[in-house]
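Some notes on the structure that comes next.
Nothing fancy with the numbering, it's 1 onward along the sequence.
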Amino acid sequence: GLDQPDIRLRDAFAAITAGDTVRLGIQRRAVEWCLSLNRLERCGLGFTLGDAWALVMYPRHWPPWSHTLLGAMWIGGLALPVGLWTRRRIESVVAIALFAGAVALLPSLVAALRTPANEWWGAALGWGAGLALQTILRRNRPT
């Protein structure tokens with residue numbers, strides 16, 4: 001089965017002591033979630049395309065920055081083949097445009113949050129890594 005990633009309100013219980021009364025709130029607005037604990041509220045929570053890795057394995061004990069990094073690496077891994085097969089032809093421009101269009105438009109089709117900047121950077125770095133790998137393979141190809 002697939003894992004079940006969660007949406008968290010980080011450090012929400014830091015100021016709560018024994019005997020305190022707490023008021024919890026959960027609201028869904030379109031594709032984003034709003035979580036609240038007493039006066040602390042955070043909206044814009046949810047999943048992006050880069051969070052698809054969490055369906056395979058979701059390490060709850062890892063720090064939040066590692067989840068962000070994994071999301072960017074996931075999108076970068078998807079972009080790597082596009083860079084690997086890029087040539088100076090119109091087909092490559094079409095492939096890059098299709099990939100970018102999918103990353104931009106797919107979230108609205110699958111009820112996910114918009115693709116954040118770190119995942120766009122991951123896509124660019126993955127594409128660049130594919131180009132670099134292509135160059136290395138060409139140089140090492142026997143003539």
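In this structure, Arg23 places its CZ atom where only 12 or fewer heavy-atom neighbours from other residues, nucleotides or ligands lie under 6.0 Å away. Heavy-atom contacts from other residues, nucleotides or ligands closer than 6.0 Å to CZ of Arg87 number more than 12. Summarising the local packing, CG of Leu137 is surrounded by more than 12 heavy atoms from other residues, nucleotides or ligands at distances under 6.0 Å.
The side-chain heavy atoms of Glu119 and Thr48, taken from C-beta on, include a pair separated by under 4.5 Å. Between Trp62 and Leu70 the shortest side-chain heavy-atom distance falls below 4.5 Å. Looking at Leu98 and Val82, their side chains never come closer than 4.5 Å, going by heavy atoms from C-beta outward. Residues Ile75 and Trp120 have side chains not in contact (no heavy-atom distance under 4.5 Å, counting atoms from C-beta outward).
The hydrophobic clustering, which links ILVMFWY residues whose side-chain heavy atoms are closer than 4.5 Å, places Phe47 and Trp65 apart. Under a hydrophobic-cluster definition in which Ile, Leu, Val, Met, Phe, Trp and Tyr are linked whenever side-chain heavy atoms come within less than 4.5 Å, directly or via other members, Leu125 and Phe99 are assigned to different clusters. By the criterion of side-chain heavy atoms lying less than 4.5 angstrom apart, applied directly or through intervening Ile, Leu, Val, Met, Phe, Trp or Tyr residues, Leu106 is grouped together with Val103 in one hydrophobic cluster.
Side-chain contact, Thr86 with Gln134: no donor N or O sits under 3.5 Å from an acceptor N or O.
Applying the disulfide bond (SG atoms under 2.5 Å apart) test to residues at least two apart or on different chains, the pairs with a partner in residues 39-91 are Cys34-Cys43.
Minimum interatomic distance between Thr115 and Pro107 (heavy atoms only, all atoms of both residues): OG1-CG, 3.6 Å. Shortest non-hydrogen contact noted between Trp33 and Ile7 is CD1-CD1, 3.4 Å.
Counting only distance, with no hydrogens or angles, the side chain of Ser36 and the backbone of Leu24 share no donor-acceptor pair below 3.5 Å. Checking side-chain atoms of Arg138 against main-chain N and O of Asn140 turns up no donor-acceptor pair under 3.5 Å.
Atom CG of residue Leu40 and atom CZ of residue Phe13 lie 10.0 Å apart, to the nearest 0.5 angstrom. Separation of atoms CD (Gln27) and CG (Leu35) is listed at 9.5 Å; rounding is to 0.5 Å. Expressed to the nearest 0.5 Å, how far CG of Leu80 lies from CH2 of Trp127 amounts to 12.0 Å. Here Ile96 contributes atom CD1 and Trp85 contributes atom CH2; the two are 13.5 Å apart, rounded to the nearest 0.5 Å.
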Next item on the list: May I have the step-by-step check of side-chain contact (heavy atoms from CB on, under 4.5 Å) for Leu49 and Val110, ending in yes or no?
Entry: CA-CA 9 Å; Leu49 292 181; Val110 297; 4.3 Å; yes
Note to self: Would Leu45 and Leu113 count as a side-chain contact (heavy atoms from CB on, under 4.5 Å) here? Give the steps.
What the structure shows: CA-CA 8 Å; Leu45 303 172; Leu113 296 175; 6.0 Å; no
Margin query: Using side-chain contact (heavy atoms from CB on, under 4.5 Å), reason through Trp74 and Asp51 one step at a time and then give a plain yes or no.
Written below: CA-CA 8 Å; Trp74 182 268; Asp51 291 325; over 6 Å; no
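Relative orientation of the His67 and Trp53 rings is perpendicular, given thresholds of 30° and 60° on the angle between their planes.
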